[in-house]
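Written below as structure tokens is the structure these notes are about.
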Amino acid sequence: PRRITGGPGNNVIPAWSHDGQWLYFTSDRTGRAQIWKIPASGGPATQVTQGGGVRPFSPDGRYLYYAQSRGVGDLWRVPVEGGIEER
């Protein structure tokens with residue numbers, strides 16, 4: 001094992017992308033829990049959600065599904081490359 005995340009904040013609840021090339025995770029590095037992705041081989045992390053997000057998963061490789069706050073409430077999705085978040 002090796003660490004691939006760093007920087008401020010808590011980085012928790014990792015999930016593999018559909019193709020195994022990315023890791024999605026929840027981080028509060030911006031002051032609010034958001035979903036981020038990072039290459040599984042390491043590199044810079046990219047923020048995926050803007051409206052908050054926890055518990056990411058991507059079973060189809062097209063969309064990232066998540067809860068918007070604390071794992072409770074409606075199911076949301078956003079394209080894996082980023083974009084419009086929808087309930």
Side-chain angles (χ1 to χ4, degrees):
R2 66 184 172 88
R3 184 179 184 105
I4 62 170
T5 60
N10 297 304
N11 303 303
V12 297
I13 315 172
W16 289 101
S17 66
H18 184 72
D19 63 7
Q21 299 299 306
W22 297 89
L23 282 170
Y24 297 106
F25 61 98
T26 301
S27 180
D28 62 1
R29 62 182 66 188
T30 62
R32 181 179 183 190
Q34 301 284 358
I35 305 298
W36 293 68
K37 68 179 183 179
I38 194 166
S41 59
T46 304
Q47 187 173 339
V48 179
T49 61
Q50 301 299 315
V54 296
R55 302 185 182 274
F57 65 100
S58 181
D60 63 5
R62 293 180 31 218
Y63 290 97
L64 180 66
Y65 298 90
Y66 59 95
Q68 200 167 55
S69 177
R70 301 186 191 275
V72 179
D74 295 330
L75 182 66
W76 288 73
R77 76 177 187 176
V78 64
V80 294
E81 64 277 350
I84 304 294
E85 299 171 51
E86 55 187 19
R87 188 173 304 184

Can you check whether Ser17's main-chain N or O pairs, donor with acceptor, with Lys37's side chain at less than 3.5 Å?
-> no

Val48, Tyr65: one ILVMFWY side-chain cluster at the under-4.5 Å cut-off?
-> no

Is any side-chain heavy atom of Glu86 closer than 4.5 Å to a side-chain heavy atom of Val78?
-> no

Quick one: does NZ or CZ of Arg77 land under 6.0 Å from the six-membered ring centre of Tyr63, within 45 degrees of the ring axis?
-> yes

Please check if atom CG in Leu75 has more than 12 non-hydrogen atoms from other residues, nucleotides or ligands closer than 6.0 Å.
-> yes

With Thr26, the side chain to side chain contact (heavy atoms under 4.5 Å, CB included) member among Asn11, Asn10, Ile13 = Ile13

Spell out, yes or no, whether Ile38 and Val12 are grouped together once hydrophobic residues are joined by side-chain heavy atoms under 4.5 Å, including indirect joins.
-> no

Can you measure from CD (Gln68) to CG (Asp74) and round to the nearest 0.5 angstrom?
-> 8.5 Å

Heavy-atom closest pair, residues Val80 and Ser58 | CG1-OG, 3.6 Å

May I ask you to check whether over 12 heavy atoms, not counting those of Arg32, lie within 6.0 Å of atom CZ?
-> yes

Please answer whether the main-chain N or O of Gly52 pairs with a side-chain N or O of Gln34 as donor and acceptor at a distance below 3.5 Å.
-> yes

Taking atom types as modelled and ignoring hydrogens, do the side chains of Arg29 and Ser27 form a donor-acceptor contact shorter than 3.5 angstrom?
-> yes

Arg55 side chain to Phe25 backbone, donor-acceptor under 3.5 Å = no

Atom of Gly20, atom of Ala40 and distance for their closest heavy-atom approach = O-CB, 3.8 Å

Determine whether Tyr24 and Leu64 make a side-chain contact, defined as any pair of heavy atoms from C-beta on separated by less than 4.5 Å.
-> yes

Scanning both residues in full, the closest heavy-atom pair of Tyr66 with Val54 reads CB-O, 3.4 Å

Look only at the side chain of Glu85 and the backbone of Gln50, and say whether a donor-acceptor pair between them is shorter than 3.5 Å.
-> yes

In terms of heavy-atom contacts, Pro44 and Pro39 come closest through O-CD, 3.5 Å

